[in-house]
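Positions are given from 1, in the same order as the sequence printed here.
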Amino acid sequence: MKKILVIGCGAAGFYAAKRLKKNDPELQVTLLEAAEYALYSKMRLPEYVAGTLPREKLFLGNTDDLDFKTGETVVAIDRTAKQVTTGSGAVYEYDKLILATGAAANIPPVEGLKENARVLRTMADADSLAACTGKTALVLGGGLLGLEAAWALKNRGMEVTVAEVMDRLLPRQLNEAESARLLTVFEEMDYKIALGASAVSCSADTVTMQDGRTFTADLILVSAGIAPNKALAESAGLDCGRGIKVDSSLRTSDPDIYAVGDCAEIDGRTIGLWMASKDQGEAAADIICGVRESFVLPAYNPKLKVSGIDFNKIKGA
């Protein structure tokens, strides 16, 4: 019986494992997850922080048909023996290995930022923010996730300032007129927006910008994209760039190892979207099972999900 090992139970790993069993119920599919819980919706973490979604509603999917192991952090891959070792000392063999190790929140190299700022990336991050009792918050980053995090904190009753390094909001998604409309809407909702704000230092409650402006808040949260989790792949000698490099079949530089989701670099790009991770996970499973030969990266158009703002109207006005 062919053994397929999947590392990581985010969207990419979960949907890869489920599709493998759907394609071939006789496969031995083992899914390893470092955390103590299964798939949850990272997209809806802001709603949980905001207090509009119960924590239990975040959890998704069913792993009853899988050999699912929680609390297992893979620390080494032996490509010659085709096995992995976890922090507990357990060893798992594989015929094919899927790396779905995800990504961490990116922390820019700003003095004091890593030590003093929080992020919203994981369930643990959300739990911490949901317990916060501060009155003011500063969000560094006015991208989609930064604005959604700002909404969550404001919904908790905080006075929120968003500091964006660019001269307008969402330059990747909106043109100048649309960005201006969005800015007006946020200001009308009593958010403070600081544009062209590039942080140079951070203390426990104060951020100083390159132009000399300073912002003080009880809580500082940084939203500056993602950093693919590639250390495990690099230590195994796999070809990596920003992420784990894969070809059109989602194979790494080792033909028996695949990488999908936030950790994968496809055509020089790391996508960092839930639907992209799901698509890649299912595609890798199909390729392993011979259902298809390759994966073509679709175009994705993520939208701002903030209560009270019709993003389609912002773009269509």
Side-chain angles (χ1 to χ4, degrees), residues 6-22 31-66 68-71 98-106 118-132 139 141 143-156 173 221-229 260-264 270-285 298 300-309 311:
V6 183
I7 301 176
C9 190
F14 175 83
Y15 287 108
K18 297 293 280 190
R19 181 65 73 95
L20 285 164
K21 292 297 288 187
K22 180 180 179 181
L31 177 59
L32 304 181
E33 168 56 42
E36 296 295 337
Y37 31 71
L39 180 69
Y40 61 91
S41 177
K42 289 187 176 180
M43 295 185 297
R44 304 196 70 183
L45 288 177
E47 296 175 67
Y48 164 51
V49 174
T52 61
L53 183 73
R55 190 179 190 274
E56 60 269 18
K57 295 291 186 181
L58 289 168
F59 294 96
L60 306 170
N62 185 308
T63 57
D64 290 348
D65 58 336
L66 304 172
F68 180 47
K69 312 287 188 182
T70 60
I98 299 178
L99 299 177
T101 49
N106 178 53
R118 303 197 197 189
V119 297
L120 178 54
R121 176 71 185 170
T122 67
M123 183 72 78
D125 297 331
D127 285 339
S128 176
L129 291 171
C132 182
V139 177
L144 290 171
L145 298 182
L147 294 177
E148 290 169 7
W151 165 79
L153 296 174
K154 186 168 180 59
N155 208 70
R156 294 187 59 80
Q173 290 82 22
L221 186 147
V222 61
S223 179
I226 62 172
N229 293 327
V260 292
D262 293 349
C263 68
T270 53
I271 309 304
L273 295 172
W274 177 277
M275 186 53 66
S277 293
K278 180 177 184 293
D279 288 346
Q280 292 170 39
E282 292 180 338
Y300 297 99
N301 296 296
K303 296 180 180 180
L304 181 67
K305 297 179 288 297
V306 169
S307 179
I309 296 180
F311 196 58

Closest heavy-atom pair and its distance - [X], [Y]:
{"X": "Leu31", "Y": "Gly8", "answer": "CD1-O, 3.4 Å"}
{"X": "Pro228", "Y": "Thr270", "answer": "CG-CG2, 3.9 Å"}
{"X": "Trp151", "Y": "Thr52", "answer": "CH2-OG1, 3.9 Å"}

Keeping [X] on the side-chain end and [Y] on the backbone end, is there a donor-acceptor pair under 3.5 Å?
{"X": "Glu148", "Y": "Lys305", "answer": "yes"}
{"X": "Glu282", "Y": "Tyr15", "answer": "no"}
{"X": "Thr101", "Y": "Cys263", "answer": "no"}
{"X": "Glu47", "Y": "Leu53", "answer": "no"}
{"X": "Tyr48", "Y": "Leu58", "answer": "no"}
{"X": "Arg156", "Y": "Gly51", "answer": "no"}
{"X": "Asn106", "Y": "Ala224", "answer": "yes"}

Quiz item: Lys18: what forms a salt bridge (Lys or Arg N to Asp or Glu O under 4.0 Å) with it, not counting sequence neighbours?
Solution: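 By the salt bridge (Lys or Arg N to Asp or Glu O under 4.0 Å) rule, Lys18 matches Asp65.
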Practice problem: Check side-chain contact (heavy atoms from CB on, under 4.5 Å) between Asp279 and all other residues, then give those that pass, not counting sequence neighbours. | Solution: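 In terms of side-chain contact (heavy atoms from CB on, under 4.5 Å), with neighbours along the sequence ignored, Asp279 is linked to Met275, Phe295, Pro298, Tyr300.
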Exercise. Identify, with sequence neighbours excluded, every residue that meets side-chain contact (heavy atoms from CB on, under 4.5 Å) alongside Ala16.
Key: Ile98
Could you give the distance from [atom1] ([X]) to [atom2] ([Y]), rounded to the nearest 0.5 Å?
{"X": "Thr70", "Y": "Glu33", "atom1": "OG1", "atom2": "CD", "result": "8.0 Å"}
{"X": "Lys42", "Y": "Leu39", "atom1": "NZ", "atom2": "CG", "result": "9.5 Å"}
{"X": "Ile7", "Y": "Asn229", "atom1": "CD1", "atom2": "CG", "result": "12.0 Å"}
{"X": "Thr122", "Y": "Tyr40", "atom1": "OG1", "atom2": "OH", "result": "5.0 Å"}
{"X": "Leu221", "Y": "Leu120", "atom1": "CG", "atom2": "CG", "result": "6.5 Å"}
{"X": "Phe311", "Y": "Lys303", "atom1": "CZ", "atom2": "NZ", "result": "8.5 Å"}

Quiz item: Got a salt bridge between Asp262 and Arg121, using NZ or NE/NH1/NH2 to carboxylate O under 4.0 Å?
Solution: yes
Exercise. Take Ile271 and Gln280 through the test side-chain contact (heavy atoms from CB on, under 4.5 Å) and record every step on the way to the result.
Key: CA-CA 11 Å; Ile271 309 304; Gln280 292 170 39; 4.2 Å; yes
Exercise. Carefully, step by step, assess Phe59 and Met123 under the rule side-chain contact (heavy atoms from CB on, under 4.5 Å).
Key: CA-CA 10 Å; Phe59 294 96; Met123 183 72 78; 3.5 Å; yes
Quiz item: Do Ser128 and Asp125 get their side chains close enough for a donor-acceptor pair, meaning under 3.5 Å?
Solution: no
